[in-house]
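In what follows, chains are A, B, ... by sequence order, proteins preceding strands, each numbered from 1.
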Protein chains: 2
Amino acid sequence: METAWDDQLRTAGLRVTRPRLSVLGVLAEHPHVDADTIATAARAVHPSISPQAVYGVLKALTGAGLARRIEPAGGPALYELRVGDNHHHLVCRGCGTVADVDCVVGQAPCLTPSDAAGFAVDEAEVVFWGLCADCQVRRSQHGYGSNTAIGEGVGA
Amino acid sequence: METAWDDQLRTAGLRVTRPRLSVLGVLAEHPHVDADTIATAARAVHPSISPQAVYGVLKALTGAGLARRIEPAGGPALYELRVGDNHHHLVCRGCGTVADVDCVVGQAPCLTPSDAAGFAVDEAEVVFWGLCADCQVRRSQHGYGSNTAIGEGVGA
DNA sequence: CGTCTTCTTTTGACTGAGTCAAATCAACGG
DNA sequence: CCGTTGATTTGACTCAGTCAAAAGAAGACG
Ligand SMILES: [Mn+2]
Ligand SMILES: [Mn+2]
Ligand SMILES: [Zn+2]
Ligand SMILES: [Zn+2]
């Protein structure tokens with residue numbers, strides 16, 4: 001199951017190295033992690049890996065289309081292996097947790113602007129901001145009202 | 001026309017100061033600018049303004065709901081005075097130019113995820129990525145094909 | 001108008017996230 | 001097993017933004 005990384009790397013024209021396999025292993029277990037968390041986790045299997053190596057690996061992986069980088073406002077970049085399906089994200093304002101949202105259209109750009117102003121649009125990036133289940137509970141316990149604002153069902 | 005800033009600031013419980021008026025003036029003329037550009041432009045009318053003052057002003061303005069902050073991936077935060085209408089943005093991958101996109105729904109959240117995973121969603125942030133008209137021309141002149149990929153008309 | 005309180009700005013140090021380049025190291029084709 | 005070339009390490013550096021103490025100014029009140 002994990003030797004598949006080897007093929008994916010080689011097919012992408014990349015050499016198979018221990019830093020790359022470690023990072024891929026971390027990404028497989030934890031979707032939506034930042035570079036620092038990846039470095040810490042990767043060190044468990046490859047203790048001598050340097051922070052810069054992690055950046056280098058992530059750049060190689062994203063460049064080759066094996067990983068995806070997202071940058072939710074207010075935090076460091078996050079990486080994931082789920083690529084090529086144009087999915088979107090839910091981000092919790094309370095704790096930063098990120099969850100995947102399937103795109104109902106499937107292919108980019110899944111939305112088209114009402115007026116594209118001359119732009120050739122190739123991607124519609126959608127981030128849903130709100131509170132995760134845990135943070136809703138935590139907030140209501142501390143006296144705040146739970147704001148359950150839901151709009152119509154358009155899908156995304 | 002510009003004395004309206006005074007009232008807006010006071011109504012928001014903020015004092016009327018020269019740094020704040022300068023920043024508001026810059027934002028009124030240039031939508032979607034970063035803090036550094038604001039500082040440079042504001043210095044034309046208030047030469048002694050410090051970079052930190054700009055950050056402080058911007059935090060006060062956004063906190064009071066007089067300005068909005070957006071953070072397109074790969075660049076510094078941008079600020080604008082157009083607030084409260086839940087509009088979206090087009091960002092050029094070539095030159096970073098940002099254009100507004102009216103939201104056809106008007107109120108947040110204008111989209112609802114297909115599966116909210118227990119989140120209470122209060123906002124759907126949409127960023128359309130592509131190439132602006134100028135960059136399309138520039139690219140085709142240099143031999144690259146113009147990729148005109150347009151999806152269905154959902155509006156945003 | 002003058003004074004006093006409180007909010008703002010300034011000054012300057014500092015952090016976090018990421019980049020860049022030179023030197024060392026290791027994958028893998030032959 | 002060697003040599004080439006790509007990858008990692010090391011270390012310095014940038015950029016965007018934060019934090020806190022000290023100085024300054026807005027504006028409430030007398
Ligand atoms: Mn995802
Ligand atoms: Mn805008
Ligand atoms: Zn949460
Ligand atoms: Zn452009």
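- Connection of Val127(A) to Leu111(B) is not established within any shared hydrophobic cluster, with ILVMFWY side chains joined at heavy-atom distances below 4.5 Å, either directly or through further cluster members.
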- Message: Please determine whether side-chain contact (heavy atoms from CB on, under 4.5 Å) holds for the pair Asp100(B) and Asp115(A), giving the CA-CA distance in whole Å, both sets of side-chain angles, and the decisive distance to 0.1 Å.
- Response: CA-CA 9 Å; Asp100(B) 285 327; Asp115(A) 175 7; over 6 Å; no
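- Between Leu9(A) and Leu24(A), some side-chain heavy-atom pair lies under the 4.5 Å cut-off.
- Distance CG (Leu58(A)) to P (dT19(C)): 10 Å, rounded to an integer number of Å.
- In this model, the phosphate group of dT9(C) is not approached by any side-chain N or O of Ser48(B) to a distance below 4.0 Å at OP1 or OP2.
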- Query: What one-letter contact string describes nucleotides 21-30 of chain D from 5' to 3', where B marks a base within less than 4.0 Å of any protein heavy atom, S marks contact via sugar-phosphate atoms alone, and - marks no contact?
  - Reply: ----BBS---
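- Remark: side-chain polar atoms of Arg20(A) are paired, donor with acceptor, to backbone N or O of Arg15(A) under 3.5 angstrom.
- Side-chain N or O atoms of Glu125(A) include none that pairs as donor or acceptor with a backbone N or O of Trp129(B) at under 3.5 Å.
- Note: CD1 (Ile70(B)) to C1' (dG17(D)) measures 17 Å, nearest angstrom.
- Between the NZ atom of Lys59(B) and the C1' atom of dC7(C) there is a distance of 15 Å, rounded to whole Å.
- Listed here is the closest heavy atom pair of Leu131(B) and Cys135(B): CD2-CB, 3.9 Å.
- From His87(B), atom NE2 reaches atom OG of Ser114(A) across 11.5 Å, with rounding to the nearest 0.5 Å.
- Rounded to an integer number of Å, the gap from CZ of Arg20(A) to C1' of dC25(C) is 14 Å.
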Distances for protein N or O near nucleotides 14-18 of chain C N or O, under 3.5 Å:
residue, atom, partner, partner atom, Å
dG18(C), OP1, Ala77(A), N, 3.1
dG18(C), OP2, Tyr55(A), OH, 3.2

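- Looking at every heavy atom in both residues, Val54(A) comes nearest to Ile38(A) through CG1-CG2, 3.9 Å.
- Heavy-atom nearest nucleotides on DNA chain D were determined for Pro51(A) and for Ala60(A), and the one closer to the 5' end corresponds to Ala60(A).
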